Amino acid sequence: PSKVQRLMFPVMSVQPEKHLFDVVHLAFTHFPADTRVKREALAAAGSNRRVAVVVLRDPGQLEEEDVGPLLVVRLSGSKTRGGPLTYVSQYLGFIWRCRRLLASDPRFRAVRIVHVHTLPDFLVWAATPARRRGARIILDLHEIFPEFTASKYPGVLGRLATQIARLLERDARRRADVTITVNRPIQQLLGTRDIDRPERVVLVHNSADPDDFGPPRLPDTERRTGRLELVYHGTLTPLYGVDIAIRGVALAATRGAPVHLTILGDGSERHALARLASNLGADLVVTFEAPIPQRALRERLCRADAGIVPTRLNGMTRYSLSNKLLEYVHLGMPILAARLPSYGQYLGEDSAWYWTPGDPEDLARAIQQLTAAPMEERRGRAARAQHNLEAIAWPSERARLLAVYRELLGNA
């Protein structure tokens, strides 16, 4: 493997036989940036299966390469934000290329499991050639497609698109041998949507993998600076409420709270967010940094005093469990979080500092409370959050996923 591969997967080795594959992961995303796809594909490969991952190709990336034990096949296509027709055309183009690959590439003629990651739900159509040859299908619902559609496209056309999304979700679930989802609220929601046949639904959370993300940090014993260092990492889009975080930090600072926010990421809203910080006169308390590789992320996050999860509340996010939140909890960092209903199923009231979603005034209040909290209370809340999530730590989630693979492969 290349130097980059050795850095990304230092304990993995490339399997010598790559001409036939047991498992193929299909995902309309980029690799290895999508940590769930990477985590689950590596779990499958760790059980001595020959695994390929089929994803989108960024400019400058190789069309194919061995990354640790995985073959990564990157297909042409784009993932840009736009209207419904833009999304549909991008989805359909990728689905067609995946379908042709599974139909014609001899390396996939004996594939036994096609693991389909959404969105979109109808990516499962690309697995049809393998399914006709006897492959089993896993539908991995990262998001809930109807609620995603409704939140993104309000109005009459949005309601029509939502109804279509419900039909597509139902069809995809009917085609799958096993449906996997990412948290209890979504699992419960799916239980209210009958597909008129028995369905196996398995829950595999997006918990941080210690082998990839690193171990929890050592508990803080003293404040490292005179100000509260907050961090946000991830995509910069309106849904994730980073503008609310900037406004809340700016308000808290004007009220005397010694606070600083680092925004670590990129996305469609980056320039608008930078202008917002400048217009609020918050340039000294808000800093933007470029995204960094996953293996460097743990060290950078650990330099902060707390993580912030400012997601807006809507019909989709009420069922979400933020990856960022799970990573902060894994590291043992105190958390400032918008009070989304789904968080109540996992974290107690005394495990984080909550505020009303979309309300920068209430966020400023929570920041002031966290700033004034003694180190003992910060450590206590972080420890309670870790304790509350022990049951969904990645080793147990990985074991549940591998049990699904063994079942579908007939223990072979």
Side-chain angles (χ1 to χ4, degrees), residues 29-30 33-35 58-60 78-83 86 151-152 224-294 296-314 316-317 320 322-325 327-328 333-338 340 353 355-368 370-371:
T29 189
H30 299 283
D34 191 311
T35 56
D58 277 328
S78 59
K79 188 178 183 181
T80 58
R81 301 180 185 278
T86 300
S151 65
K152 194 164 187 65
R224 284 159 288 188
T225 69
R227 64 184 182 181
L228 180 73
E229 293 287 347
L230 302 178
V231 67
Y232 169 91
H233 73 287
T235 308
L236 306 182
T237 66
L239 178 66
Y240 296 128
V242 183
D243 59 317
I244 303 298
I246 292 172
R247 293 181 185 278
V249 167
L251 282 171
T254 61
R255 296 171 185 174
V259 61
H260 177 265
L261 170 64
T262 297
I263 298 170
L264 189 65
D266 207 348
S268 61
E269 291 292 293
R270 180 172 179 126
H271 295 301
L273 293 171
R275 286 196 302 271
L276 174 63
S278 179
N279 292 339
L280 293 174
D283 295 308
L284 296 180
V285 295
V286 177
T287 301
F288 291 82
E289 294 184 10
I292 59 178
Q294 175 72 18
L297 183 59
R298 177 192 178 277
E299 180 183 354
R300 177 63 188 88
L301 296 180
C302 286
R303 285 157 46 191
D305 296 305
I308 186 167
V309 187
T311 310
R312 282 183 160 83
L313 175 61
N314 62 26
M316 182 182 73
T317 61
S320 72
S322 166
N323 292 355
K324 290 180 282 293
L325 182 143
E327 289 170 349
Y328 296 146
M333 297 172 61
I335 302 165
L336 279 159
L340 302 188
W353 280 264
W355 81 88
T356 304
D359 186 345
E361 286 277 352
D362 202 33
L363 171 55
R365 172 202 53 80
I367 290 171
Q368 290 175 297
L370 175 54
T371 302

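The structure displayed is predicted, hence computed values, not measured ones.
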Would you say the side-chain atoms of Ser278 pair up with the backbone N or O of Ala274, donor to acceptor, closer than 3.5 Å?
no
Are Asp359 and Arg365 within salt-bridge range, i.e. N to O under 4.0 Å?
no
Which atom names give the shortest non-hydrogen contact between Leu363 and Gly248, and what distance separates them?
CD2-CA, 3.8 Å
Full working for side-chain contact (heavy atoms from CB on, under 4.5 Å) between Leu325 and Thr311
CA-CA 10 Å; Leu325 182 143; Thr311 310; over 6 Å; no
Heavy atoms only: give me the nearest Leu280-Arg247 pair and the separation to one decimal.
CD1-CG, 3.9 Å
List for me each residue that meets side-chain hydrogen bond (donor to acceptor under 3.5 Å, both in side chains) alongside Glu289, sequence neighbours excluded, and say none if there are none.
Arg300
Please report the closest heavy-atom contact between Ala364 and Arg255, naming both atoms and the distance.
CB-NH1, 3.8 Å
With sequence neighbours excluded, tell me which residues meet side-chain hydrogen bond (donor to acceptor under 3.5 Å, both in side chains) with Glu299.
none
Heavy-atom closest pair, residues Trp353 and Ala366:
CD1-O, 4.1 Å
Work out which heavy atom in Ala252 is nearest to a heavy atom in Ile367; give both atom names and the distance.
CB-CG2, 3.7 Å
Taking all heavy atoms of Asn314 and all of Met316, pick out the closest pair and write down the distance.
OD1-N, 2.8 Å
CG on Leu340 to OG on Ser322, rounded to 0.5 Å
8.5 Å
Asp243 versus Pro238: any side-chain heavy-atom pair under 4.5 Å?
no
Rounded to the nearest 0.5 Å, what separates atom CZ in Arg303 from atom CE in Met333?
11.5 Å
The reported gap from CG in Leu228 to CD in Gln368 (rounded to nearest 0.5 angstrom) is 11.5 Å
I'd like to check Leu301 versus Arg298 (side-chain heavy atoms, cut-off strictly below 4.5 Å). Are they in contact?
no
Suppose we call two aromatic rings close when their centres sit under 6.0 Å apart. Are Tyr328 and His233 close by that rule?
yes
Under a 3.5 Å distance rule, please check whether Arg312 uses its side chain to pair with a backbone N or O of Ala338 as donor and acceptor.
no
When rounded to the nearest 0.5 Å, the distance separating CD1 of Ile246 from CG of Leu273 is 4.5 Å
So how far is it from Leu251 CG to Glu361 CD, rounded to the nearest 0.5 Å?
5.0 Å
How long is the straight-line distance from CD1 of Ile335 back to CD1 of Ile308, given to the nearest 0.5 Å?
11.5 Å
Would you check if Leu230 and Tyr232 make a side-chain contact, meaning some heavy-atom pair closer than 4.5 Å?
no
Indicate yes or no for a side-chain donor-acceptor contact from Asp362 to the backbone of Thr356 under 3.5 Å, with no hydrogens or angles considered.
yes
